[in-house]
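Heads up, the thing below is written out as structure tokens.
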Amino acid sequence: MTYRVCFVCTGNICRSPMAESVFRARVEEAGLGGLVEVDSAGTGGWHEGDPADPRTVSVLEEHGYDSDHAARQFQQSWFARLDLVIALDAGHLKALRRLAPSPQDAAKVRLLRSYDSAAGDDLDVPDPYYGGRDGFEECLEMVEAASTDLLAAVREQVEGRAA
């Protein structure tokens with residue numbers, strides 16, 4: 001049975017496609033590619049169908065990640081098929097939990113940086129869209145740092161289902 005994870009930011013062109021690419025690579029490296037499906041979306045539909053921001057693509061490719069992406073908007077109906085919804089900041093967390101059709105679905109929504117023990121109190125991944133390339137590099141660092149423990153948590157869930 002496939003375990004499904006969806007990363008969500010605002011427009012699905014910067015942070016969430018970056019997190020999707022990094023986490024998909026981690027899943028493949030761990031040999032879980034056939035068991036875990038990784039996806040991303042935005043809380044809004046302004047960029048639907050657009051590729052990731054060129055700065056996102058550049059930073060991902062420079063660090064050896066795949067960058068094939070088309071933006072789309074998160075839909076309430078997706079909660080039924082998703083196991084984990086990863087919000088990139090507190091605003092997304094709040095919006096997604098409001099959108100959730102049940103308390104069980106709302107419990108599926110977590111902040112990405114809650115999986116990074118070194119993150120401290122600020123669990124938001126800042127939106128790099130209006131800044132320079134360094135913001136995209138910072139975003140990648142935060143995503144990579146949280147991906148290790150996120151992968152461990154997902155692996156535990158996947159292995160628990162297999163038991």
Taking NZ, NE, NH1 and NH2 as the nitrogens, is one of them in [X] or [Y] under 4.0 Å from a carboxylate oxygen of the other?
X: Lys108; Y: Asp83; result: no
X: Arg55; Y: Asp134; result: no
X: Glu28; Y: Arg24; result: no
X: Arg113; Y: Asp89; result: no
X: Glu37; Y: Arg4; result: yes

Can you tell me how far [atom2] of [Y] sits from [atom1] of [X], rounded to the nearest 0.5 angstrom?
X: Asp149; Y: Tyr115; atom1: CG; atom2: OH; answer: 10.0 Å
X: Asn12; Y: Arg72; atom1: CG; atom2: CZ; answer: 7.5 Å
X: Leu88; Y: Met142; atom1: CG; atom2: CE; answer: 10.5 Å
X: Ser58; Y: His63; atom1: OG; atom2: NE2; answer: 8.5 Å
X: Cys6; Y: Glu20; atom1: SG; atom2: CD; answer: 7.5 Å
X: Leu111; Y: Leu93; atom1: CG; atom2: CG; answer: 4.5 Å

Is [X] reaching over with its side chain to a backbone N or O of [Y], donor-acceptor style, under 3.5 angstrom?
X: Glu159; Y: Gln157; result: no
X: Arg155; Y: Leu150; result: no
X: Ser147; Y: Val143; result: yes
X: Glu48; Y: Ala71; result: no
X: Asp124; Y: Ala90; result: yes

Might you point out which heavy atoms bring [X] and [Y] nearest each other, and give the distance in Å?
X: Val109; Y: Ala87; answer: CG1-CB, 4.4 Å
X: Leu60; Y: Ser67; answer: CD1-CB, 4.2 Å
X: Thr43; Y: Gln73; answer: O-NE2, 3.2 Å
X: Pro126; Y: Arg15; answer: O-CD, 3.5 Å

Is it the case that one hydrophobic cluster holds both [X] and [Y], taking links as side-chain heavy atoms less than 4.5 Å apart, direct or via other members?
X: Val22; Y: Leu32; result: yes
X: Tyr130; Y: Ile13; result: yes
X: Leu84; Y: Leu96; result: no
X: Phe7; Y: Phe136; result: yes
X: Leu112; Y: Phe79; result: no

Less than 4.5 Å apart, side chain to side chain, heavy atoms only: is that true for [X] and [Y]?
X: Asp53; Y: Val57; value: no
X: Ile86; Y: Val8; value: no
X: Glu138; Y: Pro128; value: no
X: His69; Y: Ser40; value: yes
X: Val36; Y: Thr2; value: no

message: Going by ring-ring contact (aromatic ring centres under 6.0 Å, His included), name the residues that satisfy it together with Trp78, two or more places apart in sequence or in a different chain.
response: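 Scan of Trp78 (ring-ring contact (aromatic ring centres under 6.0 Å, His included), adjacent residues dropped) gives Phe74.
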message: Does Glu156 have more than 12 heavy atoms from other residues, nucleotides or ligands lying within 6.0 Å of its CD?
response: no
field: Aromatic plane relationship, His47 with Tyr129 - under 30° parallel, 30 to 60° tilted, over 60° perpendicular
entry: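 Rings of Tyr129 and His47: tilted, as their planes differ by 30° to 60°.
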field: Residues in salt bridge (Lys or Arg N to Asp or Glu O under 4.0 Å) contact with Glu62, at least two apart in sequence or another chain
entry: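 For Glu62 the salt bridge (Lys or Arg N to Asp or Glu O under 4.0 Å) partners, ignoring immediate neighbours, are Arg133.
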- prompt: Who are the salt bridge (Lys or Arg N to Asp or Glu O under 4.0 Å) partners of Arg97, not counting sequence neighbours?
  reply: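 Per chain and number, Arg97 pairs via salt bridge (Lys or Arg N to Asp or Glu O under 4.0 Å) with no residue.
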Trace of the side-chain contact (heavy atoms from CB on, under 4.5 Å) decision for Leu82 with Val5: CA-CA 6 Å; Leu82 292 170; Val5 180; over 6 Å; no
Just checking, any donor-acceptor pair under 3.5 angstrom between side chains of [X] and [Y]?
X: Tyr65; Y: Glu144; value: yes
X: Ser21; Y: Asp66; value: no
X: Ser102; Y: Gln104; value: yes

